[in-house]
Amino acid sequence: MFAGRKLTLGQMGSGQTGTIIRILGGRGLNRRLEALGVRPGKKVTKISTMMFNGPVTLRTDHTQIAVGFGMAQRILVELDKPA
Amino acid sequence: MKILLMGNPNVGKSVLFSRLTGTRTIASNYPGTTVGFTRGSLRLGQEQAEIIDVPGTYTLQPTSKAEEVAAEMLKEGDLIINVVDATNLERNLNLTLQLLESKVPVIIALNMWDDTRHKGINIDVGRLQELLGVPVVPTVGVTGQGISELVSRLHEATALQVSYATSDERWAKIGDIVGQVQSLSHRHHTWREVLEDASSHPVAGVAIAVVVLIASFLVIRFIGEGTINYITDPLFNRLWTPLLMKLSLLLGSGGFWHDILVGKLINGQIDYYQSLGLLSTGLYIEFGVVIPYIVAFYFVLGILEDIGYLPRLAVLMDTLLHRLGLHGYAIIPTILGFGCNVPAIMATRILESRRERFIAATLVSIAVPCAALQAMIVGLVGKYGIQYVAIVYGSLFISWIVIGLILNRVMRGFSPEMIMEIPPYRLPPWRVIGSKLWLRIYSFIKEALPIVTGAVFVVNILYMLNIFDYIANITAPVITGLMGLPKDTVVALAVGFLRKDVAMGMLAPLGLTAKQLVISATLLAMSFPCVATFAVLARELGIVDMLKATGIMMVTALVFGILLNLIL
């Protein structure tokens, strides 16, 4: 994985960290994610994906949030440089 | 004066509410515990203020039924106590700034203040208060720290009526505030976080779930059975039976009142399963058998809730539940249903669509036996061996899957994707767990006792009038012909409409074979919901959908009754 690469939260590997660039979806999805603090500009760390394309768990600030795989595929993230 | 307690889900509003009012409420460590609203009162000097515990909401633009309630309530408030999770300042302030746009004065309780330190978060409270323009009081709901300061500063609450043109503007303001008041210090991963990550891991998470569920089952069994064997049975046999026998003599060992109160003597003795008197069978079933399991179940549930495990289970179950037209969060009403179906059906309010609520409520009423019924199933069917209990549970599980698959196919619409906050693991606050357990048992007794009494009374009257024979003869072709049950079982099944535990108790004297008992228990669990569940289904789903759900239950019960008769 290269730093600066853009991919969706669904495609990210567990443990990777990046910054949300865009949420590819309508106003409704953007609003629901925003309410939970998931919005462009935020740093996110992916924790895991459940088996069979199950929900993706992520961490932003001090909160863990789980979103369905479909939603995770619509959250576009730019990976951080490895520390 | 009306004071609203508002804030994001799972920030501790309910704990704060019971601190402020002295009223007991149910609080847990997952978002959405409060789906309706609770009122209480607080004395403020001369005045008596009404406090309302509003369901948690992330924003004033509602996305679920529970959040709609919150947005509605805002119109009636005279003062808002905005409860803010200090460990999640940025996200919580989004709601705060929206509340500051309203005409209602706001004061902020910066709750979970004790958690900030071990998370390495430092907040400058004075500066935060200055930047927001309303009073900010650090509080710890669980210990009560800061509560009296909060009360004494209520009058300082201010209405700012600021307004932000766009939500981007609001987030920019939040970013600015957080940047000025919060500093983070580095710290190591705690063992709780290691556990948190493990429970979200696709493989380790499943293993943990299996261990947690098996352990819960064993602990419930251990406490339930232990209480029955060492406390309630000895109490009933040594203390209560002699007293009842004296009463029996006083009443002349027979007659109308004797049979209603003490019941029929079996070989000159009281048999708690067969006598069917109010003070014998009625009391014994509730206090001797059911309550020990109710206590055990709600004790374990309380711990799982407050540690914060249930949302993680929801994430694990999400993929399976999608097949049934639900999403992971539906696991919470389902688990509550194993205690009692009534609160479970109310908890379906946390689901977004009507479709999901219908599916979840129907599945709970068909396939999830309440603790009272389970206690009786374990007690009666278990006598023949654990494998028979397993057949009952297996049938229920299969019906859950099959009905879910069918409903998901047949009903229009789709199941929306899950999106939820996963709370951090917390050590169980014993005070909260204790008062929650007490509240749940108290309301069980309060709601169950009158119905149990009524049920035993009605059964006796109907026996005397020979009405049961009439019903039994009408239904005999189905019950006896297709399901292989003696026609007397109909009586018990009919009583199931009032109370399932009493109904199960009525099967005891019939001398059923293990197979017949398994079939009857499965029928009781699946068919008609009890009268309390019936009422809550009608209220939550509407009459039409309630009737649809009942139809589905009847058909399922019929199909399973016949199949079990053929297979076993």
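Residue numbers start from 1 in every chain, and the chains themselves are labelled A, B, ... in the order their sequence lines are given, proteins ahead of strands. Every value quoted in this text rests on a predicted model; they were computed, and no experiment measured them.
- The side-chain heavy atoms of E417(B) and V67(A), taken from C-beta on, include no pair separated by under 4.5 Å.
- The parts of T63(A) that come within reach of chain B are both its backbone and its side chain, each placing non-hydrogen atoms under 4.5 angstrom from that chain.
- You'll find the side chain of T319(B) stays beyond 4.5 Å of the side chain of N53(A), heavy atoms only.
- Looking only at distances, no side-chain donor or acceptor of Q64(A) sits under 3.5 Å from a matching main-chain atom of I422(B).
- Counting heavy-atom pairs closer than 4.5 Å to chain A, the top residue among T87(B), V206(B), D197(B) is D197(B).
- Chosen from G54(A), A66(A), G68(A), the residue pairing most often with chain B at heavy-atom distances under 4.5 Å is A66(A).
- Taking all atoms of both residues into account, the shortest heavy-atom contact from P55(A) to M418(B) is CG-CE, 3.5 Å.
- For the options R39(A), H62(A), M71(A), heavy-atom pairs under 4.5 Å to chain B are most numerous at R39(A).
- Proximity to chain A is absent for every atom of L89(B), based on heavy atoms less than 4.5 angstrom apart.
- Here the CD1-CE distance, from I65(A) to M420(B), works out to 10.5 Å after rounding to the nearest 0.5 Å.
- Heavy-atom neighbours of chain B within the stretch residues 45-52 of chain A, taken at a separation under 4.5 angstrom, comprise I47(A), S48(A), T49(A), M50(A), M51(A), F52(A).
- When each of E196(B), H201(B), E90(B) is scored by its heavy-atom pairs under 4.5 Å with chain A, the top score falls to E90(B).
- Neither the backbone nor the side chain of I174(B) comes within less than 4.5 Å of any heavy atom of chain A.
- Ion pairing between a basic and an acidic side chain is recognised when a charged N comes within 4.0 Å of a carboxylate O; D61(A) and K119(B) show no such pairing.
- The shortest distance between side-chain heavy atoms of Y58(B) and R32(A) does not fall below 4.5 Å.
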